[in-house]
Amino acid sequence: MKRIVVDPPVSEARRDRVERQLFAQLAAVRVADRAEAVIPRPKRRRGGLAFAFAGLAAAALAVVLVTTRESGPVGATAAPSRVVTPLGGESRFTIGREAIIDAKSDTSVEWQQAGDGAITLMLERGAVDCQVEPRGNRPPFRVVAGDVMVVVVGTRFTVTRTPTSRVDVAHGKVRVEAPGGTWMVEAGESWTPVSQVASAPVPLPVPVSVPLPLPDPDIAMEPVKVPRAKKPSAVTVRAPSAVEPPTSRELAKDAYRVALKLEANEPERAAAMYRAIAISEKSGGFAASALISLAELQIYKLKDAEGALAAIEDHQQRFPHAPTREEASWLRIEALRVMGKRDEARGAAADYLREFPKGVYADRLSNDLRK
Amino acid sequence: VGLSIVERPAPEGDAELVAACVAGDALAQRALFRREYPRVNATVFRLVGSARDADDLVQETFIAVFRGLARFRGDSKLSTWIDRIAVRVVFHHIRSRGKTPISLDLIGDLEGASGTTDAQAHARDGLRRLYAALAELSAESRTAFALYAIDGRSIAEVAKLTQTSFVAAKCRIWRARRELVKKAKQDPVLAELVKDV
């Protein structure tokens with residue numbers, strides 16, 4: 001029998017990073033243990049080990065929070081902190097005086113506070129129950145779950161990301177932003193994406209101001225009022241009032257970050273998000289970058305060279321002087337080559353060489369053209 | 001006044017090291033981590049095929065190790081006990097991810113690969129295909145096969161680490177191998193990797 005040789009990464013920097021993070025967490029455990037000894041706790045509902053893990057996660061977060069707040073310069077974005085709870089475990093943590101977050105069983109959530117005070121929770125899996133101070137003049141508070149973004153207006157709500165995203169609002173009001181539109185969800189209401197299979201009796205949502213091209217029916221989002229567990233009456237479908245799609249740079253940045261994460265496992269959703277960013281951000285670097293990322297995704301992963309070409313042409317028309325224009329020219333050649341349009345690809349390559357004679361792809365293209 | 005700082009050596013034997021760790025000796029804990037990290041890191045990486053995931057899972061493993069060390073009774077070797085925790089952590093990770101196809105960037109961050117750029121690219125491509133094929137197997141079969149064929153464990157060790165019987169471990173490895181060979185019929189690069197396994 002022969003072994004398949006897979007050499008693990010062995011860098012000391014990697015080991016040191018893991019070691020640093022591990023011992024920071026273990027130090028936090030000791031703090032949590034001491035706190036547990038002096039602070040009366042509510043009756044435990046779960047097993048001891050699970051609770052210990054939950055405490056560990058919460059305490060680790062507290063330590064990171066203190067560290068980042070003390071060491072970070074004023075106005076700078078703090079390093080992200082993460083809370084992970086095991087199956088059966090729960091964890092409560094606070095973000096300053098802004099929010100109390102309950103991470104439910106089997107949840108992984110990362111949060112970060114930007115220099116302007118804006119707080120973003122990235123829900124990777126599981127569910128979080130958030131009690132957030134009304135925002136008013138306070139900085140924004142958002143929860144991102146896959147391609148769904150919940151922006152707090154002032155409320156208590158739950159966001160679940162397993163298996164699909166769901167938002168339940170207990171008090172106040174939140175804005176849910178997802179591919180397909182933006183919805184206001186109020187106290188007592190829930191929002192969930194509905195797959196095409198289940199949508200037969202469901203009326204279409206109120207059209208949003210910017211229609212988004214959605215390549216996959218599974219990612220079509222429809223707002224639905226889901227009955228509460230205590231009121232198992234008929235499901236009522238609701239088409240909440242549509243509001244403007246995100247336009248600020250901050251929202252586009254968050255959405256871009258989410259799309260990048262989605263690329264690996266959910267390329268169609270990532271593509272839909274890139275389209276949404278490109279449409280909603282009329283100007284600015286994120287729209288240009290989103291179009292480039294969309295084209296790359298379409299050429300190399302989604303095998304949709306025609307779609308990529310459309311994105312590139314959009315980029316070239318809207319952002320003729322963007323720093324990404326060289327990349328756009330290169331992707332145009334790639335898209336044409338994949339489509340089998342040899343002559344057009346050669347023409348595009350010649351255009352590239354004229355515009356970027358010392359570009360990163362220049363040597364390669366010169367060689368190709370000589371052949 | 002002369003002042004000298006003498007570094008106290010960490011205990012070397014398993015029993016002393018465990019006792020010191022349980023007593024909260026930070027030096028001993030770091031010594032245990034540094035002693036066990038290379039093996040745990042290698043096993044975890046070979047099971048998941050992703051450096052990014054491996055870092056998180058190694059960390060999760062050691063947290064579980066230090067939290068549970070007080071319950072370590074010495075029935076097995078400390079390294080086996082730690083490996084069992086690592087395998088359990090990875091198994092839950094794989095199962096929670098479901099049969100998601102592997103991301104193309106996962107194997108791209110392999111370090112220390114030797115040979116020419118072409119050879120490296122070929123090796124990376126092969127591993128991507130291997131882990132993509134493994135991602136389609138059940139968590140049980142994938143874990144057992146990776147431990148056996150990639151991490152080089154014996155069937156008995158696989159059984160011990162996955163807490164199953166020898167026969168069950170063998171069946172899982174055999175089942176995984178059968179699936180991979182089936183896929184390799186349409187994939188020459190994968191076939192090259194699994195032909196003698």
Side-chain angles (χ1 to χ4, degrees), chain A residues 1-30 32-34 48-53 55-57 60 82 84-87 106-108 110 124-126 162-163 260-267 270 296-297 300-301, chain B residues 24 26 29-30 33-34 37-39 41-47 49-51 54-56 58-68 71 89 92 96-98 100-107 109-114 123 126-127 130-131 145-146 148-152 193-197:
Chain A
M1 203 276 301
K2 199 185 81 176
R3 227 190 87 193
I4 300 170
V5 179
V6 176
D7 293 325
V10 286
S11 85
E12 277 192 17
R14 194 182 290 275
R15 188 202 64 189
D16 289 348
R17 194 179 60 234
V18 174
E19 184 175 345
R20 217 171 29 245
Q21 290 172 351
L22 169 70
F23 284 96
Q25 290 207 33
L26 287 169
V29 172
R30 284 194 285 276
D33 286 348
R34 278 202 292 273
L49 184 62
F51 207 90
F53 267 99
L56 157 74
R82 176 182 291 222
V84 179
T85 59
L87 270 173
D106 194 24
T107 290
S108 175
E110 187 182 283
E124 288 159 359
R125 66 166 189 273
T162 311
L260 277 175
K261 284 196 170 186
L262 284 172
E263 267 196 22
N265 297 324
E266 298 177 77
E296 275 178 338
L297 202 58
Y300 302 114
K301 257 191 167 171
Chain B
Q29 289 177 344
R30 284 187 188 264
F33 171 80
R34 290 193 172 199
Y37 173 82
R39 194 192 63 261
N41 178 50
T43 297
V44 169
F45 179 76
R46 286 171 184 144
L47 287 176
S50 152
D55 283 355
D56 287 347
V58 166
Q59 205 175 315
E60 216 175 300
T61 299
F62 277 101
I63 287 171
V65 165
F66 286 120
R67 294 293 290 174
R71 292 191 301 278
V89 166
H92 285 300
S96 68
R97 278 178 66 111
T100 359
I102 191 165
S103 152
L104 289 182
D105 68 324
L106 293 186
I107 308 295
D109 48 10
L110 268 180
E111 290 168 15
S114 56
L127 292 178
L130 172 69
Y131 279 97
F145 181 84
Y148 176 74
I150 306 176
D151 201 33
L193 269 179
V194 299
K195 67 180 175 190
D196 298 324
V197 174

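The figures here come from the full heavy-atom set of this structure, side chains too, leaving out hydrogens, waters and symmetry mates. The sequence lines fix the lettering, A, B, ..., with proteins before strands; numbering per chain opens at 1.
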Below 4.5 Å, heavy-atom pairs only: which of B:Val194, B:Asp55, B:Leu130 has the largest tally toward chain A?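 That would be B:Asp55.
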Where [X] and [Y] come nearest, the two heavy atoms and their spacing:
X	Y	value
A:Ile4	B:Leu127	CG2-CD2, 4.5 Å
B:Ala51	A:Arg14	CB-NH1, 3.3 Å
B:Asp151	A:Arg3	C-NE, 4.2 Å

Please classify the contact between B:Tyr37 and chain A as side chain, backbone, both or neither, with a heavy-atom cut-off of under 4.5 Å.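 Contact with chain A is through the side chain of B:Tyr37 alone.
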B:Asp56 versus chain A, heavy atoms under 4.5 Å apart: side chain, backbone, both or neither?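 The side chain, not the backbone.
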Do you know which of B:Ile63, B:Thr61, B:Val58, B:Val65 makes side-chain contact (heavy atoms from CB on, under 4.5 Å) with A:Leu22?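 Result: among B:Ile63, B:Thr61, B:Val58, B:Val65, B:Ile63 is the only option passing the side-chain contact (heavy atoms from CB on, under 4.5 Å) with A:Leu22.
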Roughly how far, to the nearest 0.5 Å, is the CZ atom of B:Arg46 from the CG atom of A:Asp7?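 Here the interatomic distance stands at 7.0 Å.
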Interatomic spacing from CG in B:Asn41 to CZ in A:Arg15 - rounded to 0.5 Å: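 The distance works out to 10.5 Å.
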So, using side chain to side chain contact (heavy atoms under 4.5 Å, CB included) as the criterion, who are the partners of B:Arg30 when residues are at least two apart?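 Applying side chain to side chain contact (heavy atoms under 4.5 Å, CB included) to B:Arg30 gives A:Glu19, A:Phe23.
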